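Written out below as structure tokens is the structure these notes cover.
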Amino acid sequence: MNIIFLGPPGAGKGTQAQRICDALGIPQISTGDILRKAIKDATPTGLKAKAYVEAGKLVPDDVLIDIIKDRLAMEDCKKGYILDGFPRTVPQAEALEGIAKIDCVVELEVDDENLIRRLSGRRVCLNCGATYHVSMLGDRTTCEKCGETLIQRKDDAPETVLNRLNVYHEQTAPLIKFYESRKLLKKFDGMQGMEEVYQSIMDTLGALA
Ligand code: ADP
Ligand code: ADP
Ligand code: ZN
């Protein structure tokens, strides 16, 4: 199955996508992770993307469409995948229609107040993409999966978070109607606990398979 995860920053897309991909044995394609790695390695794409990502703005569509075209052409995508963080604009969604057939769009709904709390306490592993929240880390400072030191993303700073929420409401939220009209959208209450959200999504995907 080819699945899109849609929702504002902090909704839990990465957390759920990672777990569901492990369960289904399909790759998680996180454009945020791909861009952060490119920035860290200072590749041509990384150099183009850096200022946008750090300001909480969207990287231009043509850059993202090229990244996704290359990634979806890889062998491991033949059995399905979860797109986590793509598409984020209507032009990206239109380009995707020319590249892939999507089976389901999972939308996670969380209010802005909760998003701000989640993003301000988020800690991430740049090595494997795992995501944590300070409230569950205690005095742990390293990744449970790979041992790398956890960091706070620069774009999770309070001013940038507000910027990203505005960008979401203006540029990405229109995709809800876009996928509703194609009868692909499934909505989930992302304010439930991680386990409840996971179960609801798995139930829905199970019924589609
Ligand atoms: P979050 O998990 O908080 O929603 P991501 O890790 O998905 O954030 O994305 C981080 C940043 O990477 C975005 O703020 C944006 O600058 C860039 N980015 C990621 N995906 C896209 C995309 N599809 N289009 C444009 N920019 C993107
Ligand atoms: P996204 O990829 O949509 O930006 P993440 O998966 O990175 O979101 O989650 C953002 C933050 O919220 C992380 O710190 C994560 O641990 C936490 N989080 C994720 N899901 C939940 C949930 N259901 N309840 C409470 N906190 C959550
Ligand atoms: Zn890790």
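Model, not experiment: these values are computed from the prediction. In listed order, ligands and their atoms are each counted from 1.
- Side-chain atoms of M202 and L24, non-hydrogen and from C-beta on, do get closer than 4.5 Å to each other.
- Residue K57 has at least one nitrogen or oxygen atom sitting less than 3.5 Å from a nitrogen or oxygen atom of ligand 1, judged on distance alone.
- Within the 4.5 Å cutoff, side-chain heavy atoms of I67 are placed close to those of T45.
- Of the heavy atoms in L35, only side-chain atoms (C-beta onward) come closer than 4.0 Å to ligand 1.
- Within the sub-2.8 Å shell of the Zn ion (ligand 3), the protein contributes these N/O/S atoms: C125 SG, C128 SG, C143 SG, C146 SG.
- Other residues, nucleotides and ligands place more than 12 heavy atoms under 6.0 Å from the NZ atom of K187.
- Checked against side chain to side chain contact (heavy atoms under 4.5 Å, CB included), T160 has the following partners two or more places apart in sequence or in another chain: D155, A157, R164.
- Counting all heavy atoms, side chain and backbone alike, K13 lies closest to G7 at NZ-O, 3.2 Å.
- No side-chain donor-acceptor contact under 3.5 Å links N163 and N166.
- Listed by number with element, the atoms of ligand 1 under 4.0 Å from a non-hydrogen atom of Q92 are 22 (C), 23 (N), 24 (N), 25 (C).
- Around the CD atom of E113, the shell of radius 6.0 Å holds no more than 12 heavy atoms that belong to other residues, nucleotides or ligands.
- Using a cutoff of 4.0 Å between basic side-chain nitrogens and carboxylate oxygens, R36 and D33 are scored as salt-bridged.
- A side chain to side chain donor-acceptor pair (under 3.5 Å) check over residues 168-182, counting only residues at least two apart or in different chains, returns the pairs E97-R182, D112-H169.
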Go ahead and list the nitrogen or oxygen contacts between ligand 2 and the protein that come in under 3.5 Å, distances to 0.1 Å, or just say none.
unit_1, atom_1, unit_2, atom_2, d
ligand 2, 2 (O), G14, N, 2.8
ligand 2, 3 (O), A11, N, 3.2
ligand 2, 3 (O), G12, N, 3.0
ligand 2, 3 (O), K13, N, 2.9
ligand 2, 3 (O), K13, NZ, 2.8
ligand 2, 4 (O), G10, N, 2.8
ligand 2, 4 (O), R122, NH1, 2.9
ligand 2, 6 (O), G14, N, 3.4
ligand 2, 6 (O), T15, N, 2.8
ligand 2, 6 (O), T15, OG1, 2.6
ligand 2, 7 (O), R122, NH1, 2.7
ligand 2, 8 (O), G12, N, 3.1
ligand 2, 14 (O), Y132, O, 2.8
ligand 2, 23 (N), Q192, O, 2.9
ligand 2, 23 (N), M194, N, 3.4
ligand 2, 24 (N), R118, NH2, 3.2

For a side-chain contact (heavy atoms from CB on, under 4.5 Å) check, start with the C-alpha distance between I29 and L72, then their side-chain angles and the critical distance, and finish with the verdict. CA-CA 9 Å; I29 301 175; L72 295 186; 3.6 Å; yes
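- By the 4.5 Å heavy-atom criterion applied to side chains, R117 and L115 are not counted as neighbours.
- Ligand-side atoms of ligand 1 in range of R36: 6 (O), 10 (C), range being under 4.0 angstrom from any heavy atom.
- When heavy-atom distances to ligand 1 are checked against a 4.0 Å cut-off, V53 comes that close through both its backbone and its side chain.
- Residues I116 and V161 have side chains in contact (heavy-atom distance under 4.5 Å, counting atoms from C-beta outward).
- Within the listing of ligand 1, atoms 19 (C), 20 (N), 21 (C), 23 (N) sit less than 4.0 angstrom from a heavy atom of T31.
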